[in-house]
Amino acid sequence: MSFTRQTRVPQAPTLPQGELVASYGAYLEAQRAVDHLADKQFPVQHVTIVGTDLRMVERVTGRLSYPRVALAGLASGMWFGLFVGLLLTWFSSGSGSTPPLLAAILIGAAFGVLFSVITYAFTGGKRDFTSSSQIVAAQYAVLCAAQHAHKARALLHEIGGVQSGWPARPAPASPAQPPSDPSAAYPTPPAPQPPSGSPTTPPVQPPTAPPTNPQQPSA
């Protein structure tokens, strides 16, 4: 494979340019597509992978405890002690004295355990777990310069995921259908209402019959 001139990356944050040639649901699929283009001698310096709908995912890997914290501090302290011991051994004079390598490892391990346990005790159990964080995108788009987009789509047809890159045309609107009910086409106008504020005539009460005298009991 021949090496081509690297495309200059803009110093300021800039939106990528190019046409959408393929889209994938995982980053490994997008990476495989770019590898496929590179294997076909395609100028991949014109290709950009863009992740959309970014999310921060924190995966919990385990629970913290004093033994686990002490073991982690022991390992980190031993590595630091080994580094310091190597430096002291390198710069020590050849007077036949015992190299301080072992002592530096032991001292580093002891201080690593001590500091880790004290730091964990001060947290008060607010974060009793270990985790690993990642920035994950829901979709990964492969963009390419316009002059090379057609060739990129032709090469990516072998592995799928090819997109047109142009917005879809809207479907033509269906003609309006005449209503089946003639009354729907010609609705009845509403009855006129009296204007607000005009005096209204009180309703006429029907006449009531006079009360009849009750019958008198016979003597």
Side-chain angles (χ1 to χ4, degrees), residues 1-16 18 22-39 42 44-143 156 159-161:
M1 181 185 302
S2 61
F3 293 94
T4 56
R5 183 177 60 87
Q6 297 291 333
T7 303
R8 182 180 180 183
V9 178
Q11 299 296 330
T14 307
L15 290 176
S23 180
Y24 303 95
Y27 175 75
L28 292 179
E29 296 178 358
Q31 177 181 323
R32 175 171 169 261
V34 178
D35 287 338
H36 179 74
L37 293 176
D39 294 338
F42 183 83
V44 291
Q45 65 270 18
H46 300 288
V47 178
T48 307
I49 299 177
V50 181
T52 57
D53 193 9
L54 300 181
R55 301 176 183 179
M56 197 279 288
V57 180
E58 183 178 4
R59 294 181 174 88
V60 179
T61 57
R63 182 180 179 274
L64 278 180
S65 60
Y66 279 101
R68 187 169 183 176
V69 170
L71 184 61
L74 176 67
S76 60
M78 290 180 65
W79 278 111
F80 182 74
L82 176 62
F83 174 73
V84 175
L86 289 176
L87 290 180
L88 294 177
T89 304
W90 180 267
F91 291 105
S92 62
S93 60
S95 58
S97 59
T98 305
L101 182 61
L102 181 59
I105 293 177
L106 294 178
I107 294 175
F111 275 97
V113 172
L114 181 61
F115 289 150
S116 299
V117 171
I118 292 177
T119 303
Y120 177 68
F122 275 109
T123 59
K126 293 183 179 179
R127 188 178 175 87
D128 270 351
F129 62 92
T130 58
S131 62
S132 177
S133 300
Q134 289 179 324
I135 300 297
V136 182
Q139 200 75 15
Y140 293 90
V142 179
L143 305 183
L156 291 178
I159 60 176

Check: [Y] and [X] side chains under 4.5 Å, non-hydrogen atoms:
X: Ile107; Y: Phe111; result: yes
X: Val69; Y: Leu64; result: yes
X: Thr48; Y: Val142; result: no
X: Gln31; Y: Val34; result: no
X: Trp79; Y: Ile105; result: no
X: Leu82; Y: Leu101; result: yes

With rounding to the nearest 0.5 angstrom, report the [atom1] to [atom2] distance, [X] to [Y].
X: Leu37; Y: Leu156; atom1: CG; atom2: CG; value: 4.5 Å
X: Leu87; Y: Thr89; atom1: CG; atom2: OG1; value: 8.5 Å
X: Ile159; Y: Asp35; atom1: CD1; atom2: CG; value: 9.0 Å

Would you check if the side chain of [X] reaches a backbone N or O of [Y] as a donor-acceptor pair within less than 3.5 Å?
X: Thr123; Y: Tyr120; result: yes
X: Ser76; Y: Gly73; result: yes
X: Arg63; Y: Asp128; result: no

If you compare all heavy atoms of [X] against all heavy atoms of [Y], which two are closest, and at what distance to 0.1 Å?
X: Gly51; Y: Ala137; answer: CA-CB, 3.7 Å
X: Ser23; Y: Gln139; answer: OG-NE2, 2.8 Å
X: Glu29; Y: Tyr24; answer: OE1-CB, 3.5 Å

Inset, instruction - Could you tell me which residues satisfy ring-ring contact (aromatic ring centres under 6.0 Å, His included) with Phe83, sequence neighbours excluded, listed by chain and number? - result: none

Inset, instruction - Using the test ring-ring contact (aromatic ring centres under 6.0 Å, His included), find all partners of Tyr140 that sit at least two apart in sequence or belong to another chain. - result: Tyr27

Legend entry - Over 12 non-hydrogen atoms of neighbours within 6.0 angstrom of CZ in Arg32: no

Inset, instruction - Taking atom CZ of Phe129 as the centre, report whether more than 12 heavy atoms of other residues, nucleotides or ligands fall under 6.0 Å from it. - result: yes

Legend entry - Pairs flagged by salt bridge (charged side-chain N to carboxylate O under 4.0 Å, His left out) wherever residues 47-61 is involved - sequence neighbours left out: Asp53-Arg55, Glu58-Arg127

Inset, instruction - With side chain to side chain donor-acceptor pair (under 3.5 Å) as the test, would you mind laying out the steps for Thr61 and Ser131 before giving the verdict? - result: CA-CA 5 Å; Thr61 57; Ser131 62; over 6 Å; no

